[in-house]
Amino acid sequence: MPEGHTLFALARDLHEAFAGTRPVVTSPQGRFEAGAGEVSGRELLHATSRGKHLFLEFDGERWVHVHLGLIGTFTVDAREWTAEAAAVGAVRMRMATDEHVAELRGPNLCAVVTPEEVTAVLDRLGPDPLRPDADPDRAWARISRSGRSIGELLMDQAVLAGVGNVYRSEVLFRHRLSPFTEGRAVRRASWRLVWDDLVRLLPLGVATGRIVSVEEQVLEVEAALGRGERPRLTERTSAVYKHAGEPCPRCGSRIRTQVVAGRNLFWCGRCQRRR
DNA sequence: AGGTGATGGTCAC
DNA sequence: TGACCCTCACCTG
């Protein structure tokens with residue numbers, strides 16, 4: 001489900017399946033009919049992501065800009081599975097070659113845009129921890145000047161791109177940071193630890209398709225990937241997210257929840273005390 | 001069968 | 001701050 005790691009993996013899968021091909025693009029649901037007609041039969045040059053945004057670059061300076069929102073899904077399958085996959089839901093965009101088919105359902109946004117519009121979107125996004133060239137100081141410049149809480153700032157895609165509601169709660173827990181600390185009260189060293197942790201965690205999300213943030217599991221996944229094995233995840237993969245009322249895995253105090261920046265935030269009131 | 005919440009974001013007020 | 005978008009999995013009965 002869609003935080004930055006989902007979009008990164010999706011861009012990778014779409015690129016592998018379709019880059020260099022001329023897929024037939026349609027909109028069975030009808031709401032992307034004109035856009036589909038504009039790109040259908042053109043060569044797909046690149047599929048990339050930035051934060052939670054997905055971009056498909058087609059020949060002729062036509063880009064498809066997709067945002068899954070909360071409920072969108074985008075599947076990429078080998079051709080023979082398509083009939084089954086198409087049976088469920090309204091498909092906003094369908095992209096097909098002889099080899100592969102991709103189906104987009106329930107996105108917040110799916111539109112054909114110009115290169116200038118792509119640039120405009122990228123310009124208002126903060127650094128994405130999944131990109132090697134991302135600059136954490138750009139995020140720090142905003143955080144260190146802000147009177148908003150770090151719990152709000154982490155969700156602001158203009159501050160940094162790709163972190164969503166799960167990674168927000170989990171990364172704050174991992175660093176014992178109170179979600180309610182003002183940005184300007186966060187120490188630079190703390191921010192760098194958070195950033196470096198996201199740089200470590202998000203690729204594990206890409207590799208496993210799940211958000212793994214409990215340290216023992218993080219280590220297991222890293223070890224499995226290091227051995228070239230597929231990690232198996234059984235136990236709970238989040239420390240505090242969606243565990244309101246349960247004991248904190250670190251100190252046993254009750255995990256709390258509160259709506260911050262419009263979404264349910266989870267934290268331990270003892271481990272993550274405000275300084 | 002029907003209701004609800006969900007890893008998101010935008011826009012109106 | 002709240003309504004809305006829109007699909008699906010999971011719950012209740």
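Here is how names work: the chains are called A, B, and so on, in the same order as the sequence lines, proteins then strands, and each is numbered from 1.
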Check: For the residue pair His15(A) and His46(A), does the interplanar ring angle fall in the parallel (under 30°), tilted (30 to 60°) or perpendicular (over 60°) class?
Finding: parallel
Item checked: Glu61(A) atom CD: more than 12 heavy-atom contacts under 6.0 Å -> no
Margin query: Taking only side-chain N and O atoms of Asn264(A), does any of them lie within less than 4.0 angstrom of OP1 or OP2 on dA6(B)?
Written below: yes
Checklist line | Phosphate OP1/OP2 of dT7(B): any Lys52(A) side-chain N/O under 4.0 Å | finding: no
Taking any heavy-atom pair under 4.0 Å as a contact, classify [X]: base, sugar-phosphate, or nothing.
{"X": "Tyr241(A)", "result": "sugar-phosphate"}
{"X": "Asn165(A)", "result": "sugar-phosphate"}
{"X": "Arg263(A)", "result": "base"}
{"X": "Gln29(A)", "result": "sugar-phosphate"}

For atom [atom1] of [X] and atom [atom2] of [N], their distance in whole Å:
{"X": "Lys242(A)", "N": "dC11(C)", "atom1": "NZ", "atom2": "C1'", "result": "12 Å"}
{"X": "Arg168(A)", "N": "dG8(B)", "atom1": "CZ", "atom2": "P", "result": "9 Å"}
{"X": "Leu10(A)", "N": "dG8(B)", "atom1": "CG", "atom2": "C1'", "result": "15 Å"}
{"X": "His67(A)", "N": "dC11(B)", "atom1": "NE2", "atom2": "P", "result": "12 Å"}
{"X": "Glu3(A)", "N": "dG8(B)", "atom1": "CD", "atom2": "C1'", "result": "10 Å"}
{"X": "Leu70(A)", "N": "dG8(B)", "atom1": "CG", "atom2": "P", "result": "7 Å"}
{"X": "Leu68(A)", "N": "dC8(C)", "atom1": "CG", "atom2": "P", "result": "13 Å"}
{"X": "Leu201(A)", "N": "dT7(B)", "atom1": "CG", "atom2": "C1'", "result": "15 Å"}

Check: For the side chain to side chain contact (heavy atoms under 4.5 Å, CB included) test, which of Ile211(A), Val218(A), Thr237(A) pairs with Leu204(A)?
Finding: Val218(A)
Partners of [X] by ring pair (Phe, Tyr, Trp, His ring centres under 6.0 Å), sequence neighbours excluded?
{"X": "Phe173(A)", "answer": "none"}
{"X": "His67(A)", "answer": "His53(A)"}
{"X": "Phe32(A)", "answer": "none"}

Checklist line | Point-to-point distance, once rounded to the nearest 0.5 Å, from CH2 of Trp191(A) to CD1 of Ile150(A) | finding: 6.5 Å
Note to self: Can you check the distance between dC13(B) and dC5(C), where both ends of the measurement are the P atom (answer in whole Å)?
What the structure shows: 15 Å
Next item on the list: Take atom P in dG5(B) and the same atom in dG13(C), then report the distance between them in whole Å.
Entry: 15 Å
Checklist line | Side-chain (Gln258(A)) to main-chain (Leu265(A)) donor-acceptor, under 3.5 angstrom | finding: no
Checklist line | Check: Thr114(A)/Glu117(A) side-chain N/O donor and acceptor closer than 3.5 Å | finding: yes
Checklist line | Positions of residues 115-127 of chain A (non-hydrogen atom under 4.0 Å from DNA chain B), listed by number | finding: Arg124(A)
Item checked: Counterpart residues, side chain to side chain contact (heavy atoms under 4.5 Å, CB included), relative to Thr26(A) (two or more places apart) -> Val24(A), Pro28(A), Arg94(A)
Note to self: Dot-bracket for DNA chain B, please. Rules: Watson-Crick or G-U, both distances under 3.5 Å, ( ) within the strand, [ ] when a pair crosses earlier ones, | for another strand, . otherwise.
What the structure shows: ||||||.|||||.
Check: If you check the Gln157(A) side chain, which of dT7(C), dG8(B), dG9(B) turns out closest?
Finding: dG9(B)
